[in-house]
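As the structure is a prediction and not an experimental result, all values here were calculated from the model.
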Amino acid sequence: MLNNAREGEKVGIEGDAYEQVAMACRGARPKIQKWIEQDTGEREGMMGQSFLFDPNLRGEGLTVIERLLLCNDLINTALERYEACRVGDWSKAQALVEA
């Protein structure tokens with residue numbers, strides 16, 4: 001969604017779609033972090049699959065913990081971008097995309 005936001009657009013106005021997505025991300029983050037902390041290192045993990053596949057890894061599978069860590073990183077980055085856009089710091093938001 002933030003990829004479609006234009007510089008100068010009002011982002012994070014109370015009740016807008018951006019704020020609703022940010023709230024959902026904030027709610028998911030502690031749950032994911034709890035799962036990461038509770039991971040026993042077993043291959044099957046809580047999702048019942050040995051590997052989750054990512055086509056960007058040339059067929060190499062991600063373990064459940066790797067997938068959870070990736071999700072956590074993506075959520076953190078999305079929330080940082082949201083906050084940057086919300087306060088009008090479009091250059092910071094763009095830098096987070098390019099990082």
Side-chain angles (χ1 to χ4, degrees):
M1 261 177 72
L2 288 173
N3 290 343
N4 296 324
R6 303 277 182 240
E7 189 167 341
E9 180 179 343
K10 297 291 183 188
V11 173
I13 299 170
E14 187 174 337
D16 73 0
Y18 296 107
E19 183 189 43
Q20 291 175 21
V21 171
M23 286 174 44
C25 287
R26 285 187 200 106
R29 191 168 40 184
K31 294 172 189 172
I32 292 171
Q33 290 169 347
K34 181 179 175 186
W35 292 336
I36 291 168
E37 290 170 7
Q38 292 176 342
D39 183 66
T40 62
E42 295 178 14
R43 284 286 201 221
E44 299 248 343
M46 65 204 88
M47 293 181 191
Q49 298 179 18
S50 297
F51 291 97
L52 301 172
F53 291 97
D54 185 336
N56 297 321
L57 294 175
R58 298 185 196 107
E60 296 178 44
L62 292 176
T63 63
V64 172
I65 190 69
E66 291 168 331
R67 179 61 66 161
L68 289 171
L69 289 167
L70 176 62
C71 287
N72 191 58
D73 289 345
L74 292 171
I75 287 171
N76 288 336
T77 301
L79 287 172
E80 282 184 70
R81 285 183 65 207
Y82 165 75
E83 287 301 324
C85 291
R86 191 179 63 77
V87 298
D89 191 347
W90 294 93
S91 59
K92 179 180 179 180
Q94 185 60 36
L96 288 166
V97 170
E98 295 168 358

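- Between L79 and R29, some side-chain heavy-atom pair lies under the 4.5 Å cut-off.
- Minimum heavy-atom separation, C85 to A93: SG-CB, 3.6 Å.
- The existence of a salt bridge linking R86 and E83 is confirmed by a sub-4.0 Å separation between a basic side-chain nitrogen and an acidic carboxylate oxygen.
- Taking all atoms of both residues into account, the shortest heavy-atom contact from W90 to G8 is NE1-N, 3.3 Å.
- With hydrophobic clusters built from ILVMFWY side chains whose heavy atoms lie under 4.5 angstrom apart, M1 shares a cluster with Y82.
- Residue I32 is not grouped with residue V21 when hydrophobic side chains (ILVMFWY) are merged at heavy-atom distances under 4.5 angstrom, including chains of intermediate members.
- Counting heavy atoms from C-beta on, the side chains of L68 and N72 never come closer than 4.5 Å.
- Under the 3.5 Å distance criterion, the side-chain polar atoms of E19 are matched with a main-chain donor or acceptor of G15.
- Rounding to the nearest 0.5 Å gives a distance of 12.5 Å between CG of D89 and CZ of R81.
- Annotation: side chain of K34 is not in contact with side chain of K31 (no heavy-atom distance under 4.5 Å).
- Under the 4.5 Å side-chain heavy-atom criterion for ILVMFWY residues, no single connected hydrophobic cluster contains both I75 and L2.
- Within a 6.0 Å sphere centred on CD of E98, heavy atoms belonging to other residues, nucleotides or ligands number more than 12.
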